[in-house]
Amino acid sequence: MEKKYWLLKSEPGCYSIDDLAAEPKQITCWSGVRNYQARNFLRDQMSVGDMVIFYHSVTDPSAVGVARVVRAGYPDPTAWEPEDEHFDPKSTPERPLWYAVDVRFVKKFANAVPLKAMRMDPALAGMELLRKGSRLSVMPVSKEEFEIVCRMGDPLGA
């Protein structure tokens, strides 16, 4: 199966690249996604070994590091926890609506790659993140886009 590339958005005040790096085994369940298109990416297309650009949104939007998918899509358990902010009474273990994947920290970029810098690179012009009105928290990126952003974040290959 061919490796795919993704961008996952998180608000740094909720969950940052540093939070992922501090997790036991540097792995987390990427849960709480409540958009059907993003859910379909998690459920149907993300595979173990796929690579991820970790992106901090809202405050100083920037690509900040890399993660790897270590568990493919499975029902999101936060949907069944009434005390969780992502609880959805329409989702049940028998008929799950929402899905998650597990990701492992790979690296934090030496330099965050601001959204503005990505917009200035003509090679990234077709990137979903840069499309007007694009608001998905989970989106595919091409191998080339992934490599360009990684080079921008670690220009010396650190």
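For the single chain, residues carry numbers from 1 onward in sequence order.
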- Message: Does any part of the side chain of Val52, heavy atoms only, come nearer than 4.5 Å to the side chain of Val66, both counted from C-beta?
- Response: no

- Which is it for Arg34 and Asp88 under the salt bridge (Lys or Arg N to Asp or Glu O under 4.0 Å) test, yes or no, and what are the steps along the way? CA-CA 9 Å; Arg34 296 298 181 264; Asp88 184 344; 5.3 Å; no

- Task: Decide yes or no for His56 and Ile17: does some side-chain heavy atom of the first lie under 4.5 Å from some side-chain heavy atom of the second?
- Result: yes

- Query: Is Asp121 reaching over with its side chain to a backbone N or O of Met118, donor-acceptor style, under 3.5 angstrom?
  - Reply: no

- Provide the closest heavy-atom pair for Lys108 versus Asp154 in the form atom of the first, atom of the second, distance. O-OD2, 4.3 Å

- Task: Kindly determine whether His86 and Ser31 satisfy side chain to side chain contact (heavy atoms under 4.5 Å, CB included), including the steps that lead there.
- Result: CA-CA 9 Å; His86 299 108; Ser31 61; 5.6 Å; no

- Message: What I want to check is whether the side chains of Glu23 and Tyr15 have a donor and an acceptor closer together than 3.5 Å.
- Response: yes

- Query: Roughly how far, to the nearest 0.5 Å, is CE of Met51 from CE of Met46?
  - Reply: 11.0 Å

- Query: Do Lys90 side-chain atoms and Leu97 backbone N/O form a donor-acceptor pair below 3.5 Å?
  - Reply: no

- Ignoring hydrogens and geometry, is there a side-chain-to-backbone donor-acceptor pair from Ser134 to Glu128 under 3.5 Å? yes

- Task: Start with the C-alpha distance between Val138 and Val33, add both sets of side-chain angles, then the distance that settles side chain to side chain contact (heavy atoms under 4.5 Å, CB included), and finish with yes or no.
- Result: CA-CA 8 Å; Val138 177; Val33 173; 4.1 Å; yes

- Item | Atom of Leu129, atom of Met139 and distance for their closest heavy-atom approach | N-SD, 3.4 Å

- Could you check if a side-chain atom of Trp6 sits within less than 4.5 angstrom of a side-chain atom of Asp50, using non-hydrogen atoms only? yes

- Answer with yes or no after comparing the ring centroid distance for Trp30 and Phe54 against a 6.0 Å cut-off, counting only values under it. yes

- Query: Only one of Val70, Leu20, Asp19, Val101 clears side chain to side chain contact (heavy atoms under 4.5 Å, CB included) with Thr28; which?
  - Reply: Leu20

- Message: Would you say the rings of Phe87 and Trp80 are close, in the sense that their centroids are separated by under 6.0 Å?
- Response: no

- Query: So Ile148 and Leu124, side chain to side chain contact (heavy atoms under 4.5 Å, CB included) or not? Walk me through it.
  - Reply: CA-CA 8 Å; Ile148 290 167; Leu124 296 176; 3.9 Å; yes

- Query: If we only count heavy atoms from C-beta on, is the Pro140 to Tyr5 side-chain gap below 4.5 Å?
  - Reply: no

- Query: Do the ring centers of Trp98 and Tyr36 come within less than 6.0 Å of each other?
  - Reply: yes

- Message: How long is the straight-line distance from CD1 of Ile53 back to SG of Cys150, given to the nearest 0.5 Å?
- Response: 6.0 Å

- Task: Using distance alone, with no hydrogens and no angle criterion, decide if Glu11 and Ser57 have a side-chain donor and acceptor under 3.5 Å apart.
- Result: no

- Message: Quiz question: by atom type and distance under 3.5 Å, do the side chains of Asp76 and Thr78 form a donor-acceptor pair?
- Response: yes

- Message: For Val103, is there any backbone N or O sitting under 3.5 Å from a side-chain donor or acceptor partner on Arg71?
- Response: no

- Is it true that the side chains of Asp102 and Tyr74 contain a donor and an acceptor less than 3.5 Å apart? yes

- Message: Nearest 0.5 Å, please: how far is CD in Glu144 from CE in Met127?
- Response: 12.0 Å

- Under the 3.5 angstrom rule, does the side chain of Ser62 hit a backbone N or O of Val64 as a donor-acceptor pair? no

- Message: Please tell me whether Leu130 and Leu136 are part of a single hydrophobic cluster in this structure, the criterion being side-chain heavy atoms less than 4.5 Å apart.
- Response: yes

- Message: When you measure from the side chain of Glu145 to the backbone of Ser142, do you find a donor-acceptor pair of N or O atoms at a distance under 3.5 Å?
- Response: yes

- Message: Looking at every heavy atom in both Pro96 and Pro93, which two are closest together, and how far apart are they?
- Response: CD-O, 3.6 Å

- Message: Using modelled atom types and a 3.5 Å cut-off, is there a donor and acceptor pairing between side-chain atoms of Gln26 and backbone atoms of Arg104?
- Response: no

- Under a 4.5 Å cut-off applied to non-hydrogen side-chain atoms, are Tyr55 and Ser10 in contact? no

